[in-house]
Amino acid sequence: MTEVGMHEMALAESVRGIVENAVRDRPGCKVKTVVLEIGTLASVEVDALRFCLEVVLRDSVADGANVEVENVPGQGWCIECAGNVPISSLFDACPDCGGYQVRPTSGTEMRVKELEVE
């Protein structure tokens with residue numbers, strides 16, 4: 001397995017743990033949908049993560065669950081021009097002033113946003 005695949009497999013295992021913990025006190029329930037928020041700056045290969053989730057969720061409370069991914073755009077704070085700016089890469093220059101003192105403020109996260117349970 002490649003490094004990228006190993007990263008996504010570890011993320012998928014973490015998602016499974018979060019899902020199982022969320023429904024631990026609800027015996028017999030089944031998770032139908034898992035909604036993830038993944039930032040464009042989070043270094044996550046979404047297709048690889050989907051594949052890994054399909055594997056790790058097998059035989060769990062979320063076996064066969066639909067996985068929905070909501071993309072969170074990259075946003076940064078430019079120190080030079082003191083403004084919030086959109087960024088598509090961690091090392092982008094500020095689109096307003098061209099400076100490289102941009103600190104990411106959004107788009108680096110990955111989280112389980114919502115679960116639909118029956």
Student: Minimum heavy-atom separation for Val85 and Cys94, please, with both atom names.
Tutor: CG1-SG, 3.8 Å

Student: On a heavy-atom basis, which atom in Glu109 and which in Gly107 lie closest, and how many Å separate them?
Tutor: OE1-N, 2.6 Å

Student: For residues Thr40 and Pro73, report the shortest heavy-atom separation together with the two atoms involved.
Tutor: OG1-C, 3.7 Å

Student: Quick check on the hydrophobic clustering: are Val44 and Val112 connected, directly or via other members, by side-chain heavy-atom contacts under 4.5 Å?
Tutor: yes

Student: Rounded to the nearest 0.5 Å, how far does OG of Ser106 lie from CG of Leu41?
Tutor: 8.0 Å

Student: To the nearest 0.5 Å, what is the distance between CH2 (Trp77) and CG (Asn84)?
Tutor: 6.0 Å

Student: List the atom of Cys29, the atom of Val23, and the distance in Å for their closest heavy-atom pair.
Tutor: SG-CB, 3.5 Å

Student: Just verifying a value: how many Å separate Glu114 CD and Glu68 CD, rounded to the nearest 0.5 Å?
Tutor: 7.5 Å

Student: Same hydrophobic cluster for Val31 and Leu49, using side-chain heavy-atom links shorter than 4.5 Å among ILVMFWY?
Tutor: yes

Student: Go through it in stages, so that I can follow the logic: the residues are Glu37 and Arg111, the test is salt bridge (Lys or Arg N to Asp or Glu O under 4.0 Å), and I'd like the CA-CA distance, side-chain angles, deciding distance and then a yes or no.
Tutor: CA-CA 5 Å; Glu37 279 186 337; Arg111 70 182 187 108; 2.6 Å; yes

Student: Between Leu53 and Val15, does a side chain to side chain contact (heavy atoms under 4.5 Å, CB included) hold up when you go through it step by step?
Tutor: CA-CA 8 Å; Leu53 283 167; Val15 169; 3.8 Å; yes

Student: Please examine the side chains of Val117 and Arg26, heavy atoms only from C-beta on, and report whether any two atoms are closer than 4.5 Å.
Tutor: yes

Student: Indicate the atoms forming the closest heavy-atom contact of Asp96 with Cys81, along with that distance.
Tutor: CB-SG, 4.3 Å

Student: Is the side chain of Arg50 donor-acceptor paired with the backbone N or O of Val67 at a distance under 3.5 Å, no angle test?
Tutor: yes

Student: Find the distance between OG1 (Thr108) and CD (Gln75) and round it off to the nearest 0.5 Å.
Tutor: 12.0 Å

Student: Assigning hydrophobic clusters by single linkage (Ile, Leu, Val, Met, Phe, Trp, Tyr; side-chain heavy-atom cutoff under 4.5 Å), is Leu90 placed with Met110?
Tutor: no

Student: Output the distance between atom CD1 (Ile18) and atom CG (Leu115), rounded to the nearest 0.5 Å.
Tutor: 9.0 Å

Student: What heavy-atom pair brings Pro86 and Pro95 nearest, and what distance separates the two atoms?
Tutor: O-CG, 3.8 Å

Student: Pairs of donor and acceptor atoms involving the side chains of residues 54-63, under 3.5 Å and at least two apart or interchain, shall be tabulated with distances.
Tutor:
unit_1: Ser60; atom_1: OG; unit_2: Leu57; atom_2: O; d: 2.6
unit_1: Ser60; atom_1: OG; unit_2: Ala62; atom_2: N; d: 3.1
unit_1: Asp63; atom_1: OD2; unit_2: Asp59; atom_2: N; d: 3.2

Student: Is any side-chain heavy atom of Glu70 less than 4.5 Å from a side-chain heavy atom of Ile38?
Tutor: no

Student: Is it the case that Thr33 and Glu116 place a side-chain donor and acceptor less than 3.5 Å from each other?
Tutor: yes

Student: Could you measure the distance from the CE atom of Met6 to the CE atom of Met9? Nearest 0.5 Å is fine.
Tutor: 8.0 Å

Student: If hydrophobic clusters are built by linking Ile, Leu, Val, Met, Phe, Trp and Tyr wherever their side-chain heavy atoms come under 4.5 Å apart, do Val34 and Val46 end up in the same one?
Tutor: yes

Student: Answer with yes or no whether the hydrophobic clustering places Tyr100 together with Phe91; edges join I, L, V, M, F, W, Y residues whose side-chain heavy atoms lie under 4.5 Å apart.
Tutor: no

